[in-house]
Chemist: 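Okay, handing you the structure first.
If you're wondering where the values come from, they're calculated on a predicted model, not measured in any experiment.
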Amino acid sequence: PFELIYKPIWDKRNNIVSTFMVSIRKINKNSNDDSKTTPIGYHALNNPFCLASMIELDKFMLDEIVEMMDDFFKNNIRAMFSIPLNYKTLFNLTRLHNFLGSCQSIPVPLRKYINFTLAGFPEGFPEARMHQIITSLLKFCHNVTIVCDKIPQDISYYKGCGVKGICLNITEKEKNSKEYIRKIQKLADECALENIDLSLDGIDDFEELEIMKETELNFISGNTIGRYTDAPRHMEYKSWNDIVKH
């Protein structure tokens with residue numbers, strides 16, 4: 001009873017929307033609710049904390065996105081897709097190997113258009129195990145990004161793990177903190193030194209976007225860039241002026 005939805009991500013340095021964040025929502029034929037009111041991702045599950053359901057959902061999203069991408073590319077439409085993966089799906093060898101088995105279904109030509117985004121990994125997760133997870137996934141994708149709910153303090157840890165990007169979820173409380181913005185700029189500088197991309201999600205109004213304009217971020221997403229929709233598009237050029245005109 002689920003359908004894939006897609007949120008555009010703006011490549012700030014190159015002025016292009018080239019990547020879409022993938023999620024799911026329930027199909028509700030009796031309602032006109034959009035993604036503002038309909039639970040998305042793991043929150044759409046009847047029991048969002050059920051281990052088996054979370055693992056099954058990650059597998060479902062992978063299968064669905066591969067099928068969609070195959071049609072997408074047959075029609076000469078090009079874009080990249082950021083596919084979420086939960087800690088519960090990958091945290092031990094058995095589950096990791098099960099998921100890697102599913103990855104075998106990804107056609108080789110499509111792998112360079114896929115990013116895996118890891119979420120829910122606890123602080124202090126062993127670096128060696130994280131490195132194993134990431135190097136295993138990189139055989140089937142272009143990049144592996146990790147989602148952080150707060151500003152990470154040790155970038156060298158992520159560098160050692162082989163992480164290619166960090167995605168930071170900004171909260172309502174933090175958006176209005178000048179100190180927080182300074183910390184983001186510092187993090188962006190540290191990531192640049194380690195060749196790690198930094199992505200910021202949750203930029204929902206243009207005042208926030210204006211504040212972030214001067215930071216050395218690689219990618220920005222949120223309502224200012226675009227909400228979740230039921231269909232992705234071909235990658236497109238979007239300058240700063242194109243975005244603030246909407």
Chemist: For residues 138-166, which residue pairs pass the ring-ring contact (aromatic ring centres under 6.0 Å, His included) check, not counting sequence neighbours?
Modeler: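 Those involving residues 138-166 do not exist here.
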Chemist: Hey, can you pull the donor-acceptor pairs under 3.5 Å for the side chains in residues 108-121, sequence neighbours left out?
Modeler:
residue: R111; atom: NE; partner: I106; partner atom: O; Å: 2.9
residue: R111; atom: NH2; partner: I106; partner atom: O; Å: 2.9
residue: N115; atom: OD1; partner: N143; partner atom: N; Å: 3.4
residue: T117; atom: OG1; partner: S82; partner atom: OG; Å: 2.5

Chemist: Taking the side chain as every heavy atom from C-beta outward, state whether E236 and I16 have any pair of such atoms under 4.5 Å apart.
Modeler: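 No, every pair of side-chain atoms sits at 4.5 Å or beyond.
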Chemist: If you compare all heavy atoms of C161 against all heavy atoms of I134, which two are closest, and at what distance to 0.1 Å?
Modeler: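 Here C161 and I134 meet closest at O-CD1, 3.5 Å.
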Chemist: Looking at E179, I'd like to know if its CD atom is crowded, meaning that more than 12 non-hydrogen atoms belonging to other residues, nucleotides or ligands lie closer than 6.0 Å.
Modeler: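 Correct, the count exceeds 12.
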Chemist: With no hydrogens and no angle check, just 3.5 Å: does a side-chain donor-acceptor pair link D58 and N86?
Modeler: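 Result is no, nothing qualifies.
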Chemist: Counting only N and O atoms by type, is there a donor-acceptor contact under 3.5 Å from the side chain of H234 to the main-chain atoms of R78?
Modeler: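 Answer holds: yes.
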Chemist: Look up atom CD in E190 and atom CG in L187, then write down how far apart they are to the nearest 0.5 Å.
Modeler: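 Spacing of CD (E190) from CG (L187) equals 6.0 Å.
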Chemist: Testing the basics here: between I196 and G165, what is the closest heavy-atom pair and its distance to 0.1 Å?
Modeler: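 In terms of heavy atoms, the two residues are closest at CG2-CA, 3.7 Å.
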Chemist: What's the spacing between I166 CD1 and C191 SG if we round to 0.5 Å?
Modeler: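 Going from CD1 on I166 over to SG on C191, the span is 4.0 Å.
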Chemist: Taking atom CD1 of I181 and atom NZ of K186, what is their separation to the nearest 0.5 Å?
Modeler: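 I181 CD1 to K186 NZ: 15.0 Å, rounded to 0.5 Å.
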Chemist: With a 4.0 Å cut-off, would you call K238 and D11 a salt bridge?
Modeler: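 Salt bridge absent between K238 and D11.
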Chemist: Backbone N or O of I203 within a donor-acceptor pair of the T224 side chain at under 3.5 Å?
Modeler: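 Answer holds: yes.
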Chemist: Does atom NZ of K7 have more than 12 heavy-atom neighbours, drawn from other residues, nucleotides or ligands, at distances under 6.0 Å?
Modeler: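 More than 12 heavy atoms, drawn from other residues, nucleotides or ligands, come within 6.0 Å of this atom.
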